[in-house]
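To find a chain, count down the sequence lines: A is the first, B the second, and so on, and within it residues start at 1. This structure is a prediction, so every number in the text was calculated from the model and none was measured.
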Number of protein chains: 2
Amino acid sequence: MTDEAWKIPDIAVAVDLAVLTVRSGALQVMLIERGIEPHLGMLALPGGFLSDVDESLDAAAERELTEETGLDTTGLHLEQLHTYGAPNRDPRRRVVTVCYLAFVPGLASPTAGGDARAAAWVPTAIALDPRTELAFDHRQIIEDAVERARSKIEYTTLAAAFCAPEFTVTDLRQVYEIVWGEALDPRNFHRKVTGVEGFLVATGGQTTRQGGRPAALYRRGPAHLLHPAMLRPPAPKPDSSRTS
Amino acid sequence: MTDEAWKIPDIAVAVDLAVLTVRSGALQVMLIERGIEPHLGMLALPGGFLSDVDESLDAAAERELTEETGLDTTGLHLEQLHTYGAPNRDPRRRVVTVCYLAFVPGLASPTAGGDARAAAWVPTAIALDPRTELAFDHRQIIEDAVERARSKIEYTTLAAAFCAPEFTVTDLRQVYEIVWGEALDPRNFHRKVTGVEGFLVATGGQTTRQGGRPAALYRRGPAHLLHPAMLRPPAPKPDSSRTS
DNA sequence: TCAAAAGTGTTTATGATACACCCATGT
DNA sequence: ACATGGGTGTATCATAAACACTTTTGA
């Protein structure tokens, strides 16, 4: 039997995870502080090598997340983001990493473990700040993950999952504003989300407020896809036409 | 220095290519007939293992395509589709394959080479027919690739690239109909594509026809993205309400 | 003059945006 | 009364779908 194994070079396969959430009014990403070389002590995404030839990529992603952050991954929805394999992205050897995105609410605070010296939620504004140093090509990965998360809430009902079990339309709008980094018109937003079938279910309850009309409370409806999709306001062009 | 190389299992990294085009009025995919085990003689996507630790994933994809099909890959736009890594997708050993999609016009007929015994364009209707046997998980990959190609022409001007340098609106519409497998209203389609800025540029020429009004000829315009996007007709629900 | 294919006009419906305005509560 | 935020009404615009109709050619 012909075999071509002779020409297969020694390449390691890793998985990395961009776990995003909305916490404390900010889009945050789970980062670890590396406890091993290379990039010892630097911030990085949780991840690591496939540990067993019989481990699926998805399973490896879940395992690494649990190992390094202590987060419970049962029922966690992971989706492949991209595979990064530039020849020199890891100084030790050739590593191809399959990256996963998890964009999920309600995760606990992490507990460092495995090869991670520390683990914490970090606002993406800080993680992507030019002054923040990140290991490997993880800055690029986080940028890709944020963009994917932004587009996911355009056509799914996922944003509602970041609200409390009972929430107001304003709570939901703030999730969109945080993730997109754009202000939305509260009135049009209200009409839109209450008009989409299966998105919100009124509970009949109302908020008690300090000043202002009480808001109706809603629970998540059965829909997972949004029809029609929520539209992100177009990024305003740099204004080069000021005459005065 | 701490190292964790001891726990890195022996995994091969491959690239596979789903090369799609529109030829002879059909959406077609480039398939090879395998010249080596496993699945000797079976239809498969072109692809193979990374051959060198310094070869990027993109470069490996181009190399494999040229080796197995003889196609010229200069200027070819490849985009990552997905990474498939189920533990038993290859009977020999653990293989993680990074799949690329190329959806491009004007490719020549292939010439088999490398590990391919034959190479040919195959209509996707045949490739995905239940009676067609495909190696590994390549049926799934082709399905994913077709879906991606279908959505790409919704929001890009790529479809026009499958027409001759000068083409009519009907030529362009037929590309959409072939890729989507749906009939479109010629009149609304005409208004739509001629109304999108930068999509089509009238050359002033006309077709000579056998019966029927001559059609205006167009060239591709400078736009790459479509605003607003072309809408795929919604898949009709199975009609369970026929009463007569 | 007729068939065939190209292209235009018109109607109707949907949805986005902007924003005026009213509603319900705490102070 | 009034500030505060919740929620509705409405005009205007952009686009999509359906389809009647006109235009331009070859036979």
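- Side-chain atoms of A/T74 and A/D72 form a donor-acceptor pair, as typed in the model, at a separation below 3.5 Å.
- Pairing each heavy atom of A/W180 with each of A/R150, the nearest pair is NE1-O, 2.9 Å.
- For the residue pair A/Y218/A/D171, the side-chain donor-acceptor check at 3.5 Å is not satisfied.
- For D/dT15, the OP1/OP2 oxygens have no side-chain nitrogen or oxygen of B/K192 closer than 4.0 Å.
- For the pair B/M230 CE and D/dT15 C1', the computed distance is 12 Å after rounding to whole Å.
- Surrounding CD of B/E133 are at most 12 heavy atoms belonging to other residues, nucleotides or ligands under 6.0 Å away.
- In this structure, the CG atom of A/D185 is 12 Å from the C1' atom of D/dG7, given to the nearest Å.
- Minimum interatomic distance between A/V201 and A/P222 (heavy atoms only, all atoms of both residues): CG2-CD, 4.5 Å.
- The distance from atom CZ of A/R191 to atom C1' of D/dA11 is 12 Å, rounded to the nearest whole Å.
- Under the 30°/60° scheme for interplanar angles, the aromatic rings of A/F162 and A/F103 are found to be tilted.
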Checklist entry - What one-letter contact string describes nucleotides 1-6 of chain D from 5' to 3', where B marks a base within less than 4.0 Å of any protein heavy atom, S marks contact via sugar-phosphate atoms alone, and - marks no contact? => result ---BBB
Next on the checklist: Walk me through whether A/E177 and A/R173 qualify under salt bridge (charged side-chain N to carboxylate O under 4.0 Å, His left out).
Outcome noted: CA-CA 6 Å; A/E177 291 177 336; A/R173 177 166 47 84; 3.3 Å; yes
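- A salt bridge does not link A/R232 to A/E182: none of the charged side-chain nitrogens sits closer than 4.0 Å to a carboxylate oxygen.
- Relative orientation of the B/H138 and B/F136 rings is tilted, given thresholds of 30° and 60° on the angle between their planes.
- Here D/dA14 presents its C1' atom at 12 Å from CG of A/L231, a figure rounded to the nearest Å.
- Atom CG in A/N188 sits roughly 11 Å away from atom C1' in D/dT10 (whole-Å rounding).
- Heavy-atom nearest nucleotides on DNA chain D were determined for B/H227 and for B/T208, and the one closer to the 5' end corresponds to B/H227.
- For DNA chain C, the outermost nucleotides in 5' to 3' order that have an atom under 4.0 Å from a heavy atom of chain A are C/dA16 to C/dG26.
- Nearest-nucleotide mapping onto DNA chain D: of B/R232 and B/R187, the residue sitting toward the 5' end is B/R232.
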